[in-house]
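Below is one structure, written out as structure tokens, with a few remarks after it.
Heavy-atom basis, side chains included; hydrogens, waters and symmetry copies ignored. First the proteins, then the strands, lettered A, B, ... as listed; each starts at 1.
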Amino acid sequence: MSWDPVYRLVKQIPRGRVTTYGELAKSLRLRGGARVVGYAMAATPRGRGIPWHRVIGAGGKVTMPEPHASLQRRLLSTEGVPFEGARIDMKLYAWSPKSGAKSHAKSRKPKRKPTRRVAPKSRV
DNA sequence: CATCTGACGACCG
DNA sequence: GCGGTCGCCAGAT
């Protein structure tokens, strides 16, 4: 699977800013949502200058195996994105793909699949 | 083909 | 605020 669009978008993240998996997913209109983005990030090829460390979880939380989490925190703090404990102040450092990355395609057809649930779950 | 897992997100208790 | 669960999709076994 080529996650090029995801990597490309990640590379658009300016230094000193961060974005979330969910934002990337919504920006790319991925059916899988944040999950697929996380999957893509997990397979991020090294040596391409992809700032994977600028991609964090929702709410500025770091979600990943320890070795990477530690490195990510260090890299971000180096770029000027301080951590408040185990998270980042998204209010100040959140970066929106739409704002920073200009979309070449003016309009894209919704890739939404006609998947729907038969009936509402009792989860109410 | 069935089942589990995973660098997520939202909701509930 | 934290932990557990469900929903979502893709890949591996």
Q | Base versus backbone protein contacts along nucleotides 5-10 of chain B [heavy-atom cut-off under 4.0 Å; B, S, -] | A | -BBBSS

Quick one: salt bridge (charged side-chain N to carboxylate O under 4.0 Å, His left out) pairs with a partner in [range], sequence neighbours left out?
| range | result |
| --- | --- |
| residues 65-74 of chain A | none |
| residues 5-19 of chain A | none |
| residues 46-55 of chain A | R54(A)-E79(A) |

Q. Quick one: salt bridge (Lys or Arg N to Asp or Glu O under 4.0 Å) partners of E23(A), sequence neighbours excluded?
A. none

Q) Tell me the ring pair (Phe, Tyr, Trp, His ring centres under 6.0 Å) pairs involving residues 17-74 of chain A, sequence neighbours left out? A) W52(A)-H68(A)

